[in-house]
Amino acid sequence: MATPNYAVFILTHGRPDNVITYHTLRKAGYTGKIYLICDDEDKTLSEYQIKYQDQVIVFSKQAYQDSFDIMDNFEGNKVIVYARNACYDIARSLGLDYFFEYEDDYKSLIHRFVDGPTLGYTPITRMNEVCQAFIDCLENTGSTTIAMAQGGDFIGGAGSFDSVQYKRKAMNSFVFKVNKDPADDCIFIGRMNDDVNTYLSQGRTGKIFCQIANVMLTQMQTQSNSGGNTEAYKAMGTYVKSFYSVMAAPSCCKVSMLITTHPRIHHKIDWNKAVPKILHERFRKPTSESR
């Protein structure tokens with residue numbers, strides 16, 4: 001297809017001197033448009049505008065206060081979900097056909113592949129082509145969005161690579177097509193774990209959320225980087241964060257322990273109960289015409 005009209009949105013708050021993703025994208029060979037999505041309540045907004053000038057786009061959190069289900073009755077709005085739900089309107093105002101939605105703390109962008117008995121990796125150096133491939137995939141599959149994989153998706157190594165290749169999940173990074181009708185927008189829900197809440201609640205109605213394991217992002221450790229969602233994480237903890245997804249889909253999601261080098265509370269999804277599936281042709285019941 002022809003070169004699409006798109007841009008990368010980096011959602012950021014309180015980190016004008018530490019927008020890691022911006023530099024990571026340029027290092028990965030991305031030469032396209034980048035916009036920093038900032039809210040009007042950010043005390044460091046002027047610093048963003050001085051440093052990034054017309055690449056900064058400001059939205060009003062108050063304007064999106066009642067446009068989605070935050071899933072609680074707590075006070076405060078210092079969470080990323082407001083920015084996520086502003087992105088479609090921003091993309092339409094810029095005349096874009098697609099937009100990539102990234103957080104601001106990506107340290108690296110990597111290709112992953114099976115290399116004999118192990119998983120190999122190499123840094124991405126042609127990010128423009130990766131973006132093109134993601135948009136092609138979005139169009140060809142009819143997906144709502146497609147995401148890059150994250151480190152935790154590769155637990156199990158080379159032997160588990162095929163099983164994580166096309167998971168029905170999309171977390172942290174996204175590509176969306178800009179709809180003419182705002183009613184078709186993908187609306188994120190929940191104060192925390194908004195990406196999981198959204199792919200579970202919408203995935204069970206048949207919308208396709210998908211990750212591509214051949215492309216991986218790495219990011220700063222949660223709560224180690226000031227700004228962003230860190231304040232909410234520290235105030236509420238990972239149990240509360242994970243429980244939003246239980247509320248969104250109690251039939252298939254529970255709070256569990258993620259067993260890694262440093263075990264932590266995390267959501268756990270029973271995918272056999274989470275989303276509709278396409279059955280193999282061999283399960284089709286014969287009709288009168290085919291007998």
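Positions are given from 1 along the sequence.
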Q: According to the interplanar angle, ranging from 0 to 90°, do the rings of Y88 and F176 count as parallel (below 30°), tilted (30 to 60°) or perpendicular (above 60°)?
A: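 Ring orientation of Y88 relative to F176: tilted.
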Q: May I ask you to decide if the ring planes of Y30 and Y6 are parallel, tilted or perpendicular, using 30° and 60° as cut-offs?
A: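 Tilted: the ring planes of Y30 and Y6 meet at 30° to 60°.
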Q: Take atom OH in Y121; do more than 12 heavy atoms of anything else shown fall under 6.0 Å from it?
A: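 For Y121, atom OH is not crowded (no more than 12 foreign heavy atoms under 6.0 Å).
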Q: Identify the heavy atoms of C186 and N85 that sit nearest to each other, and give their distance.
A: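 Distance-wise, the nearest heavy atoms are O-OD1, 4.2 Å.
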Q: Is T21 close to E103 at the side-chain level, that is, under 4.5 Å between some pair of heavy atoms?
A: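 Side chain of E103 against side chain of T21, heavy atoms only: no contact under 4.5 Å found.
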Q: With distance as the sole test, does D39 use its side chain to make a donor-acceptor pair with the main-chain N or O of E41 at under 3.5 Å?
A: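 A pair under 3.5 Å: yes.
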Q: So, R191 side chain and N73 main chain: donor-acceptor pair closer than 3.5 Å or not?
A: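 Looks like no, no N/O pair under 3.5 Å.
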Q: Whether the side chain of S143 engages the backbone of L138 through a donor-acceptor N/O pair (distance < 3.5 Å, no angle test) should be reported.
A: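 Answer holds: no.
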Q: Between Y82 and F68, is the ring centre distance below 6.0 Å?
A: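 Ring-ring flag for Y82/F68: true, centres closer than 6.0 Å.
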Q: Is the distance from the ring center of F100 to that of Y35 below 6.0 Å?
A: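 Centroid distance F100-Y35: not below 6.0 Å, so no.
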Q: Whether the side chain of S256 engages the backbone of H267 through a donor-acceptor N/O pair (distance < 3.5 Å, no angle test) should be reported.
A: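 Between the backbone of H267 and the side chain of S256 there is no qualifying donor-acceptor contact (under 3.5 Å).
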Q: For P4, which of L96, D97, I135 qualifies under side-chain contact (heavy atoms from CB on, under 4.5 Å)?
A: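 Testing each of L96, D97, I135 against P4, the sole residue satisfying side-chain contact (heavy atoms from CB on, under 4.5 Å) is I135.
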Q: With heavy-atom distances below 4.5 Å as the criterion, would you say the side chains of V56 and L45 are in contact?
A: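 Contact flag for V56/L45 side chains = yes.
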Q: Would the Y52 and Y22 ring centres measure less than 6.0 Å apart?
A: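 Aromatic pair counts; centres sit under 6.0 Å.
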Q: For salt bridge (charged side-chain N to carboxylate O under 4.0 Å, His left out), just list the numbers for K169 and D195, CA-CA rounded to whole Å, side-chain angles, deciding distance to a tenth of an Å, and then say yes or no.
A: CA-CA 9 Å; K169 55 175 278 191; D195 45 9; over 6 Å; no
Q: Hey, what do you get for CG (N193) to OG (S242), rounding to the nearest 0.5 Å?
A: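 Reported value, rounded in 0.5 Å steps: 5.5 Å.
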Q: Indicate yes or no for a side-chain donor-acceptor contact from D194 to the backbone of I189 under 3.5 Å, with no hydrogens or angles considered.
A: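 Checked: no pair found.
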Q: Just to verify, what does S160 make a side-chain hydrogen bond (donor to acceptor under 3.5 Å, both in side chains) with, not counting sequence neighbours?
A: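 side-chain hydrogen bond (donor to acceptor under 3.5 Å, both in side chains) check on S160 returns nothing, list empty.
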Q: With side chains defined as the heavy atoms from C-beta onward, is the minimum distance between Q150 and Q219 less than 4.5 Å?
A: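 Of all side-chain heavy-atom pairs linking Q219 with Q150, at least one is under 4.5 Å.
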Q: Compute the centroid of each ring, for Y239 and then for F243, and state whether the two points are separated by less than 6.0 Å.
A: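 Ring-ring flag for Y239/F243: true, centres closer than 6.0 Å.
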Q: Taking atom CD of Q62 as the centre, does the number of heavy atoms from other residues, nucleotides or ligands within less than 6.0 Å exceed 12?
A: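 Counting other residues, nucleotides and ligands, CD of Q62 stays at 12 neighbours or fewer.
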